[in-house]
Amino acid sequence: MAYKPGAMVKVDGRSVEVLFGPAEINARLQVLGREIETQYRGRDLVVVGVLKGAFIFMSDLVRHIGIPLACDFLRVASYDHDQSTGIVRMEFDMTQPVEGKDVLLVEDIVDSGRTLRHLLAHLKTKQPRSLKVATLLFKETGAKSRGLVDYTAFECPQRFVVGYGLDSEGLYRSLPFIGAFQEV
Ligand code: IMP
Ligand code: MG
């Protein structure tokens, strides 16, 4: 099935609007990958994915970056039900030192930017030579965090989105498109 933007798809009995389909995602990642490739040629690139949300975006993106690179991952848990305290907990960290290397942090979505700020502070302590950020989605609500992001695949409307790595209560990460549940 071709998941075209605007199409309505039934997921788990609920209606989901396709925002970005596989074709749009692939085309955008090709451009982004080339841009990253150009900027990091001859450098010591380590691409660091934030689990779990970034796993699909990162796996597709790195295949569009045609230079040698290392991959690593870390995992944070943010407590969405506890917005006031904004606790972001590191569940596991990267496995290789990145001191003196060029780190590209890969996120699924930047919303308030709280998770990203926390991650950047953490990564800076590892003293990389450079530290940049690529995100699949940037939500309109994150305006204050715009300056923290170097590469954005898509601007995201102020809706809750799932698919292509993004979840709702742990589910729907495997959808081959990025979609938004219809408000009922
Ligand atoms: P922030 O800390 O407010 O920027 O939120 C970032 C995290 O919240 C992301 O890494 C996601 O895990 C989650 N998140 C924010 N918006 C959405 C959404 O629309 N769908 C799924 N997860 C989201
Ligand atoms: Mg999540």
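Predicted model only: the values in this text are computed from it and were never measured. When a ligand or atom number is given, it counts from 1 through the structure's own listing order.
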> E107 heavy atoms, cut-off 4.0 Å: which ligand 1 atoms fall inside?
Replying inline: 10 (O)

>> Going by the rule ring-ring contact (aromatic ring centres under 6.0 Å, His included), which residues pair with F177 if we only count those two or more places apart in sequence or in a different chain?
In response: Y3

> Do K126 and D93 sit within salt-bridge range, that is, some charged N less than 4.0 Å from a carboxylate O?
Replying inline: yes

>> Is there a polar contact between ligand 1 and V161, counting only N or O atoms under 3.5 Å apart?
In response: yes

> Could E155 and R146 be called an ion pair, given the rule that one side-chain N must be under 4.0 Å from one carboxylate O?
Replying inline: yes

> Any non-hydrogen atom of R159 lying under 4.0 Å from ligand 1?
Replying inline: yes

> What are the two closest non-hydrogen atoms of I25 and F20, and how far apart are they?
Replying inline: CD1-O, 3.8 Å

> Which option, I109, D111, T135, L137, owns the non-hydrogen atom nearest atom 13 (C) of ligand 1?
Replying inline: I109

> Judging by distance only, is a nitrogen or oxygen of G113 under 3.5 angstrom from one on ligand 1?
Replying inline: yes

> Taking the minimum heavy-atom distance to atom 17 (C) of ligand 1, which of K139, R114, H118, R117 ranks first?
Replying inline: K139

> Among the clusters formed by ILVMFWY side chains lying less than 4.5 Å apart, do V47 and L105 turn up in the same one?
Replying inline: no

>> So for D167, does at least one of its heavy atoms come nearer than 4.0 angstrom to any atom of ligand 1?
In response: yes

> At a 4.0 Å threshold, what atoms of ligand 1 neighbour a non-hydrogen atom of S112?
Replying inline: 1 (P), 2 (O), 3 (O), 4 (O)

> Is a side-chain donor or acceptor of T135 paired with a backbone partner of L137 at a separation under 3.5 angstrom?
Replying inline: yes

>> Need the ligand 1 atom indices (1-based, order shown) with element for anything under 4.0 Å from a heavy-atom of D108.
In response: 9 (C), 10 (O), 11 (C), 12 (O)

>> Just checking K132: does its NZ atom have more than 12 heavy atoms from other residues, nucleotides or ligands closer to it than 6.0 angstrom?
In response: yes

>> So, 4.0 Å and heavy atoms of G53: is ligand 1 close enough to count as a contact?
In response: no

